[in-house]
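No experiment lies behind these values; they were computed from the predicted model shown.
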Amino acid sequence: MNADLRPSGPFRLGDRVQLTGPKGRMHTVTLRDAGELHTHHGVLKHAQIVGQPDGSVLTNSGGHEYLALRPLLRDFVMSMPRGAAIVYPKDAAQILASADIFPGATVVEAGVGSGALSLWLLRAIGPSGRLISFERREEFAQVARANVETFLGDDPASWEVVVGDLVEELPGAAQPGTVDRVVLDMLAPWECIDAVADVLTPGGVVLCYVATATQLSRVAEYIRATGLFTDPEANETMVRGWHVEGLAVRPDHRMVAHTGFLITARRLAPGAVPPDVRKRALKKPSYADVDVEAWTPGAVGDREITDKNLRKRVREAQRAVDGARVAADRATPDADVD
């Protein structure tokens with residue numbers, strides 16, 4: 001990210017701003033020439049926001065106050081245009097920790113979806129790292145590219161998006177034994193495990209993010225059957241907020257519970273056999289061919305987005321990145337206030 005595009009300083013045209021108004025109602029807008037936020041409480045002109053520092057309070061035409069803040073990354077991914085379902089912040093944080101994503105790492109990601117996880121990964125690997133993201137659908141890749149550029153202010157040189165199937169495209173994108181971490185967010189990650197094993201460096205981590213227990217079982221059994229990885233570990237993360245006001249301290253009535261499972265394993269050195277496996281032969285998988293039907297897209301509840309809806313999301317993402325480019329063009333000391 002360029003120094004002039006740090007998420008701080010006075011608001012500029014093209015910036016995304018999170019406005020919190022009466023009763024905590026939140027609106028996320030992109031500042032534009034002659035832009036206005038219309039609600040039943042009144043009108044707030046974008047010109048009132050431009051030039052104000054982050055964290056300002058502004059009053060609309062109806063006398064109602066709005067707190068203006070630049071969205072944090074967690075806020076941005078929850079409100080950005082989506083071509084596909086996103087990885088939620090609670091899971092993204094666990095992915096970064098469980099996969100041990102570090103500055104300078106070479107990371108492979110599939111699929112890219114709407115770019116939410118890509119943003120977290122890019123932040124973690126830094127400018128010296130490399131992220132290769134695979135996505136089968138061009139429309140999803142377009143939405144992801146636009147969302148990443150909207151938030152970062154530019155197209156990061158450390159990021160490469162490959163449109164196509166990971167199994168077919170990965171050998172041409174990464175040399176054997178050169179990838180540090182692999183994150184698979186897809187319906188059938190077991191289909192990619194063999195290709196992933198070829199490019200992972202010994203000791204490297206593969207992490208799969210799956211939604212259902214049947215998917216979790218299938219990928220765990222497949223990883224074990226390869227004999228190329230440590231025994232997989234699985235978990236899920238639940239987040240419970242708390243209401244804290246004076247002596248009224250209690251759990252919130254609602255919580256963010258199950259969104260997905262994380263399963264991780266590490267690549268073994270060529271020819272290595274872990275001690276626990278040496279003591280017992282690999283067991284026959286506990287599922288048969290007839291059970292595979294339980295892991296088909298329809299059975300696990302995979303929902304396809306319509307082409308019409310997807311084109312709409314692409315247009316929304318493109319409008320957002322156009323605003324970010326306006327901010328980049330105006331990111332000079334004399335252009336902070338219009």
Side-chain angles (χ1 to χ4, degrees), residues 1 87 91-113 115-138 140-141 144-145 148 152 154-210 219-220 222-233 262-274 277:
M1 187 184 300
V87 174
D91 293 318
Q94 288 296 324
I95 288 171
L96 296 183
S98 298
D100 190 41
I101 308 298
F102 59 90
T106 296
V107 180
V108 166
E109 170 199 21
V112 68
L117 183 58
S118 302
L119 280 164
W120 292 105
L121 292 171
L122 286 166
R123 174 176 283 183
I125 66 174
S128 62
R130 182 188 182 200
L131 174 63
I132 312 171
S133 300
F134 292 84
E135 176 54 57
R136 290 180 175 178
R137 298 193 62 172
E138 173 62 34
F140 287 171
R145 289 189 186 102
V148 168
L152 297 181
D154 60 6
D155 186 12
S158 57
W159 190 37
E160 177 185 357
V161 180
V162 179
V163 177
D165 186 88
L166 178 141
V167 174
E168 299 174 359
E169 304 293 339
L170 182 56
Q175 295 298 313
T178 62
V179 173
D180 299 301
R181 307 289 186 258
V182 175
V183 180
L184 301 178
D185 173 18
M186 55 174 57
L187 188 66
W190 51 88
E191 296 176 351
C192 301
I193 295 299
D194 292 323
V196 163
D198 289 338
V199 300
L200 265 177
T201 185
V205 178
V206 59
L207 181 147
C208 302
Y209 177 64
V210 294
V219 70
Y222 195 98
I223 290 174
R224 288 192 180 102
T226 65
L228 301 174
F229 295 88
T230 59
D231 200 51
E233 300 178 3
L262 302 184
I263 180 168
T264 60
R266 299 190 68 179
R267 181 68 164 95
L268 296 172
V273 179
V277 175

Query - Verdict with supporting geometry, L122 and V148, side-chain contact (heavy atoms from CB on, under 4.5 Å) - result: CA-CA 9 Å; L122 286 166; V148 168; 3.9 Å; yes
Report task. Apply side-chain contact (heavy atoms from CB on, under 4.5 Å) to the pair V183 and V108, showing each step before the final yes or no. Result -> CA-CA 6 Å; V183 180; V108 166; over 6 Å; no
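Within 6.0 Å of the CD atom in E138, the count of heavy atoms belonging to other residues, nucleotides or ligands exceeds 12.
Side-chain atoms of E135 do not come within 3.5 Å of backbone N or O of V163 as any donor-acceptor pair. Formation of a donor-acceptor pair under 3.5 Å by the S98 side chain with backbone atoms of Q94 is found in this model.
By the 4.5 Å heavy-atom criterion applied to side chains, L184 and I193 are counted as neighbours. A heavy-atom distance below 4.5 Å is found between the side chains of V87 and D185. Taking 4.5 Å as the limit, every side-chain heavy atom of P171 sits out of range of all side-chain heavy atoms of D198. At a threshold of 4.5 Å between non-hydrogen side-chain atoms, the residues V182 and V205 do not count as touching. Using a 4.5 Å heavy-atom cutoff, the side chains of I95 and L262 are in contact. Considering only heavy atoms from C-beta on, P127 stays 4.5 Å or farther from S158 through its side chain. F134 has its side chain out of reach of E109: every pair of non-hydrogen atoms, C-beta onward, lies at least 4.5 Å apart. Within the 4.5 Å cutoff, the side chain of F229 has heavy atoms near those of the R267 side chain.
Across every non-hydrogen atom of I223 and A265, the tightest pair is CG2-CB, 4.0 Å. In terms of heavy atoms, P202 sits closest to A269 at CB-CA, 4.1 Å. Smallest separation of non-hydrogen atoms from M186 and C192: SD-SG, 3.6 Å. Smallest separation of non-hydrogen atoms from C208 and P189: SG-CB, 3.8 Å. Of all non-hydrogen atoms in P232 and R224, the two that sit nearest each other are CD-CG, 3.7 Å. Taking each heavy atom of A141 and V112 in turn, the nearest pair found is CA-CG1, 4.4 Å.
Between R145 and D155, none of the side-chain N atoms (NZ, or NE/NH1/NH2) sits under 4.0 Å from a carboxylate O, so this pair counts as no salt bridge.
The line from CH2 of W159 to OG of S133 is 5.5 Å long, rounded to the nearest 0.5 Å. Summarising the geometry, atom CD belonging to E233 is positioned 11.0 Å from atom CG belonging to L207; distances are rounded to the nearest 0.5 Å. Note that CD of E169 is 7.5 Å distant from CG of D165, once rounded to the nearest 0.5 Å. Atom CG of L121 sits about 6.0 Å away from atom CG of L96, to the nearest 0.5 Å. For the atom pair CG of D100 and CZ of R266, the computed distance is 7.5 Å after rounding to the nearest 0.5 Å. Expressed to the nearest 0.5 Å, how far CG of L170 lies from CD1 of I132 amounts to 7.0 Å.
Of the residues listed (L131, I125, V179), the one engaging T106 in a side-chain contact (heavy atoms from CB on, under 4.5 Å) is V179, and it is the only one.
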